[in-house]
Every structure is written in C-alpha cells, then in structure tokens.
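Shown next, in structure tokens, is the structure this report addresses.
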Protein chains: 2
Amino acid sequence: MQDKPLFFENLSPGMTFSAGPRRICREDINDFAKLSGDHTPLHTDEAYAATTPFRRIVAHGALNLSVATGLAYAIGIFSESVLAVKSMVVKFERPVFPDDHVSLELIVASIGTRKYPDRGEAEFFVRLRNQENRLVLSGTWVLLLRKGPV
Amino acid sequence: MQDKPLFFENLSPGMTFSAGPRRICREDINDFAKLSGDHTPLHTDEAYAATTPFRRIVAHGALNLSVATGLAYAIGIFSESVLAVKSMVVKFERPVFPDDHVSLELIVASIGTRKYPDRGEAEFFVRLRNQENRLVLSGTWVLLLRKGPV
C-alpha cells in the first residue's frame with residue numbers, strides 16, 4: 001500500500017495501477033453465497049456444477065467484481081479520495097475457479113469536468129486476470145473522487 | 001420461492017419478476033469489507049463518513065449489486081437454468097444506508113438468438129429500490145440460460 005492518497009486532480013489518462021494477486025478460495029465463495037443470498041448450485045453444489053459446461057464450481061461473477069473493488073482499495077491511494085462509484089460496465093470473460101489467483105489492473109481512461117468545486121469524475125479501464133494471465137473480467141468504472149486539500 | 005424452474009425458452013420480453021425486501025445491515029457492510037477487501041473508510045469508519053457528502057456510512061456499491069443478485073436467486077426460478085452472467089451495466093443511483101431495505105425488479109428486456117442448441121442469452125432490466133421506493137441501482141444484466149429438458 002502507498003501512503004500518499006491520490007485525488008481527482010492528480011489523475012491523468014493512461015495512468016496505470018495494479019494490485020494482487022489475491023486467491024479466491026472455496027470459503028470465499030461460500031461466504032459470498034451467504035452474504036449476497038445467491039445460493040445458485042453452480043456456486044455451491046459440486047455434483048450440480050459437474051453437469052454444467054464449467055464441470056466444477058465457479059465463483060459468482062459478482063464476487064469476482066467485489067474482489068476487484070477490494071484490489072482497487074489495496075492499491076492504497078484511493079481510500080480517502082473515492083466518494084462514490086457512479087457506474088460500472090462489466091464483462092465476465094472467463095470463469096474463476098476455487099483457488100485461482102486474480103490480479104487487477106486499473107488504467108485512467110478519462111477525466112470528467114464537473115461543476116462541483118470539490119470533486120470530479122474519473123473513468124477507469126478495469127482488467128482482472130487469473131494466474132495464467134488470462135482475462136477473467138473487463139470493463140469500466142466511473143468513480144467520483146474528492147479534489148485534494150487546498 | 002417458486003418451485004418450477006424457468007428456462008431460456010420460457011422467457012419473453014416484458015416478463016417481470018420481483019423479490020425482497022431485504023435489509024442491508026451494518027454487519028453485512030462489515031462482512032462485505034472483509035470478503036471483498038474493500039475497507040474504504042466511507043464504508044467502515046463513522047467519523048470519516050461524517051466528513052463526506054453522505055454524512056454517514058454507506059454500503060459498498062458492489063454489495064448492493066451482490067444483494068441484487070441474491071434477490072434474483074430468491075425469485076426462485078433461475079437457480080437451475082442460469083449458466084453464467086455474461087455482462088452487467090450498473091448505475092448506482094443513490095446510496096444505501098445501514099438498515100435500508102431493498103427490493104428487486106427484473107424485467108426481460110430481450111432474448112438473444114444463439115447458435116448453441118442447449119442454451120441462450122437473455123437481457124434483463126434491473127431495478128433495485130429502497131424502502132421509500134426510490135431507485136438505488138439500475139442497469140442491465142445479460143445471463144446465459146439453459147434450455148429446458150426435452
């Protein structure tokens with residue numbers, strides 16, 4: 001984790017940040033099923049999962065996305081500047097299986113102009129890759145960020 | 001929960017499903033911070049949250065989305081037919097505060113044509129509303145669904 005927070009005016013298109021790897025284990029999938037309420041057997045039942053094209057249990061897509069947000073936090077520079085996630089566009093490219101390790105890449109895509117004097121929007125390209133460096137999730141996030149202390 | 005599963009060929013545009021309400025409590029937010037790894041103080045630190053435009057702790061956007069997927073499961077008709085979430089477009093319309101109750105509405109937006117004989121894609125409009133019937137999350141999900149047993 002870096003100590004120095006990054007604020008809206010410190011960002012420019014092309015800046016790239018990364019974090020991870022983080023392991024997603026079977027217990028994480030179970031915990032996510034409980035917390036979200038999504039007990040779809042593809043994520044919870046080995047025997048059922050064997051009948052699907054994946055042939056075994058896969059992590060919930062929303063868990064992969066949630067882990068990506070945790071990795072964004074782990075970059076360590078946004079925790080005091082992010083005011084809100086405005087929107088997300090997410091494509092689930094490949095399944096994540098128990099004990100896969102995922103890593104995040106965030107690239108500043110564009111910087112918005114905002115009427116607010118104290119905050120602004122930034123769009124990021126998001127890429128989550130597994131231990132084989134294959135893309136499992138891609139998309140864009142628009143975050144509302146504080147401007148720094150004057 | 002309904003017993004009868006709904007398969008790809010049972011869906012048509014305009015069909016509407018709903019589930020909830022579900023309460024999102026402070027413990028859910030803490031659990032989500034641990035599971036995702038997103039410990040942003042807006043979600044975990046009352047004193048810090050008081051300095052933000054929200055003035056108090058708000059639930060992670062990805063938690064709200066995760067709860068929406070759990071409510072989709074709770075509709076009770078997709079658990080054996082959903083093979084994968086292909087993509088999501090999500091707009092976080094309003095904050096969710098601890099002890100808010102959220103309800104889900106899913107509307108079939110369109111049905112894809114697919115080359116696979118055993119599955120197909122369906123796009124859903126997604127709306128999550130709080131106890132005041134105000135929209136907190138909107139978007140679209142594209143799901144890959146099994147065709148039913150012949």
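First the proteins, then the strands, lettered A, B, ... as listed; each starts at 1. All values below were derived from every heavy atom in this structure, side-chain atoms included, with hydrogens, water molecules and symmetry-related copies excluded.
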Check whether [X] and [Y] end up in the same hydrophobic cluster, where Ile, Leu, Val, Met, Phe, Trp and Tyr are linked by side-chain heavy atoms less than 4.5 Å apart.
| X | Y | value |
| --- | --- | --- |
| A/Tyr48 | A/Val96 | no |
| B/Val142 | B/Ile77 | no |
| B/Phe17 | B/Leu143 | yes |
| B/Ile107 | B/Leu11 | no |
| A/Met15 | A/Leu71 | yes |

Which portion of [X] sits near chain B, non-hydrogen atoms under 4.5 angstrom:
| X | answer |
| --- | --- |
| A/Ser138 | neither |
| A/Phe32 | both |
| A/Leu65 | side chain |
| A/Leu42 | side chain |

Considering all heavy atoms, the nearest B/Ser79-A/Pro41 contact:
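The pair with the smallest heavy-atom distance is O-CD, 3.3 Å.
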
If you count heavy-atom pairs within less than 4.5 Å of chain B, which of A/His39, A/Glu93, A/Lys91 leads?
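Highest number of heavy-atom pairs under 4.5 Å: A/His39.
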
If you count heavy-atom pairs under 4.5 Å with chain B, which of A/Asp31, A/Leu83, A/Val67 comes out on top?
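Among A/Asp31, A/Leu83, A/Val67, the one with the most close pairs to chain B is A/Leu83.
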
Contact winner vs chain A - B/Thr52, B/Thr140, B/Ile24, B/Asp118, heavy-atom pairs under 4.5 Å:
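It is B/Thr52.
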
In terms of heavy-atom pairs under 4.5 Å, which option from B/His60, B/Arg22, B/Glu80 contacts chain A the most?
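If we count pairs closer than 4.5 Å to chain A, B/Arg22 comes out on top.
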
Set out, in order, the CA-CA distance, both residues' side-chain angles and the distance that settles side chain to side chain contact (heavy atoms under 4.5 Å, CB included) for B/Leu35 and A/Lys34, then state yes or no.
CA-CA 11 Å; B/Leu35 180 55; A/Lys34 279 185 209 126; over 6 Å; no

From A/Phe78 CZ over to B/Thr40 OG1, what is the distance, rounded to the nearest 0.5 angstrom?
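If we round to the nearest 0.5 Å, A/Phe78:CZ and B/Thr40:OG1 are 10.5 Å apart.
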
Measure from the side-chain N and O atoms of A/Tyr73 to the backbone N and O of B/Ser36, and report whether any donor-acceptor pair falls under 3.5 Å.
no

Answer yes or no: are there more than 12 heavy-atom neighbours, outside A/Phe125 itself, under 6.0 Å from its atom CZ?
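Not buried by this count: 12 neighbours or fewer within 6.0 Å.
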
